[in-house]
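Since we're looking at a predicted model, the values are computed, not measured.
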Amino acid sequence: SIMSVKNIINYVYEAYHLKNLEHCGVKWVHVPNPDSLAEHVLLATQISYFLADMEGADQNKVMRMMIFHDNAEVRIGEINKLQHHYLQDKDAVEIQAVADQTEELPNNLRESIRSEFQEMEDRETLEAKVVKDADLLEQVFQIKIFQMQGTYDGLDMLLQNLRKNL
C-alpha cells in the first residue's frame, strides 16, 4: 500500500542519518576524522558475511542482524563504554528505540527487525555471536588503519579492550 511505502521511506530516511554520526570509540584518542556509523555498519556487514561462512552460521540472518544493529543510535546516540557505565540498562533503551523506529513498518518487516535485534542483544545463538564478533573485528580493523595513518595515543588501549570482548 501507499502508506507502507511511505513508512518504509521514513524508516530509511532516519537510517540515512547513520552517515552523519561518528563512530565514537576512536574520537576519545583524538583521531581527527573517525568513521561514520554507516561506514562501520557497511564494513562490519561484509566481515559478518565471511565470518558467518567460517563459523557455519546462517549468513543471510547474520547480515540482516548486522545491517540494522546500530540503527537505534540515530535516536539515542552512540554510547561508549564510559557512558554505558552510568546507564541503568543500555540494552533496554536500544530495544525501545528499535521498537519505536519500526512501529510504522509493515508487520512482517517490523517483527523481523525487532526479533532479530532482540536475538542479537541476547547473544545466545551462533548468529548473534558472529554479529558481535564481526562488530568488534571491524573496530579492530579500523584501529589498525588509524595506526597506519599516524600515531594516536590510546589506540593500543582500545585494541586491548576489544580483544577482551572477542
Side-chain angles (χ1 to χ4, degrees), residues 1 3-26 34-81 84 87 89-145 158-159 161-166:
S1 76
M3 279 311 287
S4 292
V5 171
K6 183 177 182 201
N7 292 336
I8 291 169
I9 290 169
N10 289 340
Y11 181 87
V12 171
Y13 177 76
E14 184 173 334
Y16 169 85
H17 295 288
L18 290 168
K19 294 171 67 169
N20 301 320
L21 295 172
E22 292 178 342
H23 201 207
C24 73
V26 295
D35 58 326
S36 71
L37 279 174
E39 291 167 316
H40 160 70
V41 168
L42 175 63
L43 189 55
T45 301
Q46 292 182 27
I47 291 169
S48 76
Y49 174 81
F50 296 112
L51 194 56
D53 182 69
M54 288 188 271
E55 296 293 330
D58 181 337
Q59 285 175 305
N60 290 329
K61 185 175 192 178
V62 165
M63 289 189 302
R64 282 192 314 270
M65 288 173 151
M66 185 58 78
I67 202 74
F68 294 110
H69 87 281
D70 277 342
N71 281 23
E73 294 179 18
V74 170
R75 292 194 178 199
I76 65 171
E78 185 174 41
I79 299 167
N80 65 43
K81 293 293 180 194
H84 186 266
L87 295 175
D89 193 347
K90 175 186 175 263
D91 292 345
V93 170
E94 285 185 326
I95 289 165
Q96 184 61 54
V98 168
D100 292 346
Q101 286 174 318
T102 58
E103 184 61 34
E104 299 300 322
L105 291 176
N107 290 343
N108 61 322
L109 298 175
R110 178 179 61 242
E111 294 312 313
S112 174
I113 292 169
R114 287 178 179 180
S115 68
E116 289 179 352
F117 189 85
Q118 182 66 57
E119 180 179 339
M120 181 190 69
E121 289 294 314
D122 292 342
R123 294 189 191 126
E124 294 176 3
T125 65
L126 176 60
E127 287 74 18
K129 291 173 184 175
V130 167
V131 166
K132 184 61 177 174
D133 283 349
D135 186 27
L136 296 173
L137 286 170
E138 188 284 331
Q139 293 172 63
V140 169
F141 186 79
Q142 185 64 65
I143 289 169
K144 290 302 218 179
I145 295 294
L158 287 175
L159 276 175
N161 288 338
L162 287 169
R163 284 186 184 123
K164 286 187 240 177
N165 293 312
L166 281 172

Gap separating the [atom1] atom of [X] from the [atom2] atom of [Y], nearest 0.5 angstrom:
X      : Y      : atom1 : atom2 : answer
Asn71  : Tyr11  : CG    : OH    : 4.0 Å
Arg110 : Ser115 : CZ    : OG    : 11.5 Å
Met66  : Met120 : CE    : CE    : 8.0 Å
Gln101 : Ile76  : CD    : CD1   : 9.0 Å
Asp100 : Ile95  : CG    : CD1   : 12.0 Å
Ile67  : Leu18  : CD1   : CG    : 9.5 Å

Mind jotting down which residue pairs meet the salt bridge (Lys or Arg N to Asp or Glu O under 4.0 Å) criterion with at least one end in [range]? Sequence neighbours excluded, please.
range          : value
residues 53-62 : Lys61-Glu119
residues 62-73 : Arg64-Glu116
residues 37-49 : none
residues 6-19  : Glu14-Arg75

Is there a side-chain contact between [X] and [Y] (heavy atoms, below 4.5 Å)?
X      : Y      : answer
Leu109 : Thr102 : no
Leu136 : Lys132 : yes
Asp135 : Ser48  : no

Q | Residues in side chain to side chain contact (heavy atoms under 4.5 Å, CB included) contact with Ser1, at least two apart in sequence or another chain | A |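 So Ser1 forms a side chain to side chain contact (heavy atoms under 4.5 Å, CB included) with Met3, Ser4.
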**Q.** Partner set under side chain to side chain contact (heavy atoms under 4.5 Å, CB included) for Ala57, not counting sequence neighbours
**A.**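 Ala52, Val62, Leu126, Glu127, Val130.
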Going by side chain to side chain donor-acceptor pair (under 3.5 Å), name the residues that satisfy it together with [X], two or more places apart in sequence or in a different chain.
X      : value
Glu104 : none
Gln59  : none
Thr45  : none
Asn60  : none

Which heavy atom of [X] sits nearest a heavy atom of [Y], and at what distance?
X      : Y      : value
Glu138 : Ala44  : CG-N, 3.6 Å
Ile113 : Leu105 : CD1-CD1, 3.9 Å
Leu51  : Ala134 : CD2-N, 3.8 Å

Q.
Over 60° means perpendicular and under 30° means parallel, so tell me whether His17 and Tyr13 are parallel, tilted or perpendicular.
A.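 It falls in the perpendicular class, over 60°.
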Q) Under the salt bridge (charged side-chain N to carboxylate O under 4.0 Å, His left out) test, which residues partner Glu103, sequence neighbours left out? A)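 Testing Glu103 for salt bridge (charged side-chain N to carboxylate O under 4.0 Å, His left out), a comparison that skips the adjacent residues, returns Arg114.
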(Q) Can you pull out every ring-ring contact (aromatic ring centres under 6.0 Å, His included) where at least one residue sits in residues 37-68? Sequence neighbours excluded, please. (A)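 Applying ring-ring contact (aromatic ring centres under 6.0 Å, His included) to every pair that reaches into residues 37-68, excluding sequence neighbours, yields His23-His40, His40-His69.
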Q | Trace of the side chain to side chain contact (heavy atoms under 4.5 Å, CB included) decision for Gln96 with Val93 | A | CA-CA 5 Å; Gln96 184 61 54; Val93 170; 5.8 Å; no
Q. Hey, are Asn107 and Glu111 close enough side-chain-wise for a donor-acceptor pair under 3.5 Å?
A.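 Their side chains do not contain a donor-acceptor pair, so the 3.5 Å distance test is not met.
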